[in-house]
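Worksheet: the structure to be examined is printed underneath.
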Amino acid sequence: MICVHTCPGGQCQGPRLSASYNQILDALCYNDFSLCQKAQSLPKHSNLNPHSEEAILNIVVCVKQVPDTAATLKVDEQSNVSWGDAALVINPWDEYAIEEAIRLKEKFGGKVTVISVGPEQSKEALKQAVAMGCDEAQLISDPAFEGSDALATTLILAQAIKQLGAVDVVIFGKQAIDGDTGLVPAGVARRLNWPFLSYISKLDELDPAGKSLKVTRLLEQGRQSMGSQLPVVLSVVKEINEPRYPSFMNIRKASKLQIPIITAAAIGVEAGQVGRDNAATHWIKVFPLPARTGTCEMIAGDSPQAIATSLADKLLAEKVI
Amino acid sequence: MTHNILVWIETFKGNAVPVSYECLGEAKKIANGGKVTAAVFGENATAIAHEAITLGADQVCVCEDATLAEYRAEPFTALLAKLAADLKPEVIMMGASTRGRDISSGLAVDLEAGAIADCIALEEQDGQVIATRPVYAGKLLSHVIVKKMPLIITTRSRAFPMPEADAGKTGEVTTVAPVLSEDQIVTKALGFATEGEGEVSLNDARIIVSGGRGVGGPEGFAPIVELAKTLGAAVGASRAAVDAGWIPYAHQVGQTGKTVAPDLYIANGISGAIQHQAGMRTAKVVVAINKDPEAPIFKLARYGVVGDLFQIVPALNDAFKKRLGK
């Protein structure tokens, strides 16, 4: 159940679903708050995001639209992957990036621009980001980009970011769940020649005037504390925040928003640098996982001890202990 | 066809991390007789260099400069890029760890090279290296090649075997100078807090004992932690348990958590949603313990028990203690 209302902080008891923007619109009738009892007692207008005239922080969030994980994927002989009618959603990791960007803006004032490299339908992901609270959106799209690999995508994004003025912070989610490479954020930082801090579980401090920040990174062995100057590129992990629900006001804003399409020419990218034919890496084949053979052997017994004994013996026989 | 390969050996607190040696072993294989150069930076690099030689490196470049004492992307990437420019390897390899992914991506841009992340298999066909890697949250596999050398590869933890040490093997260890001075490095490492001293890391774990919604609360993890101790295992968790605040996020296995590849994964009170499966489906043997016989996890499991984990897990702990002489 998707619940949207004007309550600041987006506190709702319903389970959060990664829903497409259109699904959110369907669930909401603009003047009907019967979906949420809580909303009925609240003032109709509560602006969560005071818009500062003087932009203190210029923040960019990069998002990607991907097929929903719950989708059943099919791959054909030509290695084309399809997912039927399954929804396209914002990459789950990107929601944390969007939320962190909006929190920074709420704390320090400024502007959040959300951008995405993708086809026309990626506009839906951008609208959802605006519905969460991003101020502006851009779709970086061009037929020449089709089939670009991670290396080319880093170029496209870096060039797009260069057009957005004096950017202070660029935030990514850890990785996209389709390609799963996690290579783009670090590569974008390298192209911009900015420092890169990844796997951020907490943004501890940020000093916009002093142009510095301190973060905690979640690495395999524990947490690393790091400091950096701005401008900086960040990628975040799930622990950093709880992404908010879109607010009623922002959904209205998103639905009315005209999202500009930024082409290759507009950002100074040549066709010869990007696209399928110029990719450095090539997926020559995509295929399903080998079928997991064997059925599950259910272990029963007269007592937990009997079951445990039987299971322990079998596992020792499997030589996995 | 032979390949010269450069392998970055990642270290932590003066020791090489396991995935780097797995990577080194695989590098030796696909080098096909070509030269394998290892690069080790930071604390204890020279000692680790000698260890790397016994595990497959033909020569090692080390740098123990203070600027490299703590891992930071900029100085590490800059020095590896310089080594790549000097040695001109056809392939550059490292573990697909958090640090490895950062570095490989920066290197790809510096060298205008193709990077293939998180490989689980590598083979050589007619001089071409073909990498197998999971995509779409592990639901599909892909074969990837690179058309612009050098080729940069990161290898997934535990996808490749640990190489056998050859104590008699010798090789040259050379000290190299860092590329960036401290003033040129924008980020500063301010400290490291290790999570649970002595705890087994999920990525490197051979055995993982996990808890999900069925655990019911933070105290519910106690029997799971006990069993993990007995087995020398790492403790994992589903998103439900983490979101409920019963266990820290660092233990989360799944699509928005960690991807693991243990020999044995014991799932307690975990329903086995697609998002969780994405993180553990490559486990060799899965054991599911759940009250609900319809839980999807049973489709993935080799062994299943429909029952109360609070009875089964302690009993299992006792059974293993007896058999393992603990």
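Below, chains carry the letters A, B, ... as their sequence lines are ordered, and counting in each starts from 1.
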### Query
Is a side-chain N or O of B:Thr154 found less than 3.5 angstrom from the main chain of B:Met94, in a donor-acceptor match?
no

### Query
Does the distance from a Lys or Arg side-chain N to an Asp or Glu carboxylate O, for B:Lys139 and A:Asp180, drop under 4.0 Å?
no

### Query
Which bit of A:Val66 is near chain B, if near means a heavy-atom gap under 4.5 Å: side chain, backbone, both or neither?
neither

### Under 3.5 Å donor-acceptor, B:Gln277 side chain and B:Gly272 backbone
yes

### Task
With a 4.5 Å cut-off on heavy-atom pairs, point out which of B:Val146, B:Leu190, B:Ile103 contacts chain A the most.
B:Leu190

### Query
Heavy-atom distance under 4.5 Å to chain B: side chain of A:Lys174, backbone, both or neither?
side chain

### Backbone of B:Leu300 reached by a side-chain donor or acceptor of B:Arg281 within 3.5 Å
no

### Query
In terms of heavy-atom proximity below 4.5 Å to chain A, should B:Ala283 be classed as side chain, backbone, both, or neither?
backbone

### Query
Given that the side chain runs from C-beta out, which part of A:Gln224 has a heavy atom under 4.5 Å from chain B: side chain, backbone, both or neither?
both

### Query
Relative to chain B, which segment of A:Phe287 carries a heavy atom at a distance below 4.5 Å: side chain, backbone, both, or neither?
both

### Query
Is the backbone N or O of A:Ile177 less than 3.5 Å from a side-chain atom of A:Asn91, with the two atoms forming a donor-acceptor pair by type?
yes

### Summary
Bottom line for A:Ile284: the part with an atom under 4.5 Å from chain B's heavy atoms is both

### Message
So for A:Ser235, is it side chain, backbone, both, or neither that comes closer than 4.5 Å to the heavy atoms of chain B?
### Response
neither

### Message
Using 0.5 Å steps for rounding, measure from the NZ atom of A:Lys64 to the CZ atom of A:Phe172.
### Response
11.5 Å

### Summary
Okay, A:Asp178 and chain B: the region with an atom under 4.5 Å from a heavy atom over there is both

## Note on the structure
Scored by heavy-atom pairs under 4.5 Å with chain A, the best of B:Ile116, B:Val287, B:Leu202 is B:Val287

### Side chain / backbone / both / neither for A:Leu315 at chain B, heavy atoms under 4.5 Å
side chain

### Message
Has B:Glu70 got a side-chain atom pairing as donor or acceptor with B:Gly191's backbone, closer than 3.5 angstrom?
### Response
no

### Task
Using non-hydrogen atoms and a 4.5 Å limit, figure out which bit of A:Pro67 sits close to chain B: side chain, backbone, both or neither.
side chain

### Task
Say whether, by atom type as modelled, one donor and one acceptor occur between the side chain of A:Thr216 and the main chain of A:Ser201 under 3.5 angstrom.
no

### Task
Name the member of B:Arg239, B:Gln311, B:Lys284, B:Gln255 that forms the most heavy-atom pairs with chain A at distances under 4.5 Å.
B:Gln255

### Message
If you compare all heavy atoms of B:Val19 against all heavy atoms of B:Ala96, which two are closest, and at what distance to 0.1 Å?
### Response
CG2-N, 4.4 Å

### Message
Can a side-chain donor-acceptor contact be found between B:Thr187 and B:Glu74 if the only test is distance below 3.5 angstrom?
### Response
yes

### Query
Is it the side chain or the backbone of B:Phe12 that comes within 4.5 Å of chain A heavy atoms, both, or neither?
side chain

### Task
Select, from B:Ser97, B:Ala73, B:Ser201, the one with the greatest count of heavy-atom pairs under 4.5 Å involving chain A.
B:Ser97

### Message
Is A:Asn193 close to chain B through its backbone or its side chain, or both, or neither, when contacts mean heavy atoms under 4.5 Å?
### Response
neither

